[in-house]
**Student:** 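Quick one: structure below, then a few questions.
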Amino acid sequence: LRAAEKAAAEAAEQAKAEAQAKAAARAAERAASALVEAAEITAPTESMSSDAAPDAPSADKPKADKPKADKPSAGLKLGARVCLERGLLAGKEGEISALNGAYIKVRVGPLEVNVKAEDLRLL
């Protein structure tokens, strides 16, 4: 009887050790996978040469013109009636109360909200 109990205890201990080894292998695999993903994200691209400074502009690539959003669309002036196209107040009508560069302050009822000019439609 003692031999059977001893064999059962050894088998249980061996099963526990195998389960721990499998769990450790899975954890190591997940860690390795995470490291590979992190390396892929932070790896330099092939177009960067090792001797060139990363912040230096490339001579062969022309700079893309960025659209200027400093001026509001034509026709948007103080007191104009507009309809909001996006956001929480989409579909609501309001009146322009201030022009702040790319953003326009619109009075909708008792509220004044700052909205991008592209999100407004003239009425």
**Student:** Sorted by first residue and then second, give each side-chain hydrogen bond (donor to acceptor under 3.5 Å, both in side chains) pair with at least one member in residues 17-26; sequence neighbours left out.
**Tutor:**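 For residues 17-26, and leaving out neighbouring residues, there are no side-chain hydrogen bond (donor to acceptor under 3.5 Å, both in side chains) pairs at all.
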
**Student:** With salt bridge (charged side-chain N to carboxylate O under 4.0 Å, His left out) as the rule and sequence neighbours excluded, what pairs involving residues 89-110 come up?
**Tutor:**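 Residue pairs with at least one partner in residues 89-110: Arg81-Glu93, Arg107-Glu112.
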
**Student:** Check the surroundings of atom CG in Leu123: do more than 12 heavy atoms from other residues, nucleotides or ligands lie under 6.0 Å from it?
**Tutor:**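 Enclosed.
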
**Student:** Do you know which two heavy atoms are closest between Leu99 and Lys77, and how far apart they sit?
**Tutor:**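 Heavy atoms only, the tightest pair is CD1-CA, 4.4 Å.
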
**Student:** Measure the spacing between CD of Glu118 and CD of Glu85 and express it to the nearest 0.5 Å.
**Tutor:**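 If we round to the nearest 0.5 Å, Glu118:CD and Glu85:CD are 11.0 Å apart.
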
**Student:** Is the shortest side-chain heavy-atom distance between Val113 and Leu89 below 4.5 Å?
**Tutor:**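 Yes. Closest side-chain heavy atoms under 4.5 Å.
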
**Student:** What is the distance from atom OH of Tyr103 to atom CG of Asp119, rounded to the nearest 0.5 Å?
**Tutor:**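 Here the rounded value is 8.5 Å.
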
**Student:** Give, for atom CG of Leu76 and atom CD1 of Ile96, the distance between the pair rounded to the nearest 0.5 Å.
**Tutor:**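 Taking CG in Leu76 and CD1 in Ile96, the distance rounds to 4.5 Å.
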
**Student:** When you compare the side chain of Ile104 with that of Asn114, does any pair of heavy atoms fall below 4.5 Å?
**Tutor:**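 They are not in contact (no side-chain heavy atoms under 4.5 Å apart), so the answer is no.
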
**Student:** Filter on salt bridge (charged side-chain N to carboxylate O under 4.0 Å, His left out), then keep only pairs touching residues 3-14, sequence neighbours left out; what's left?
**Tutor:**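 Sorted result for residues 3-14: empty, none.
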
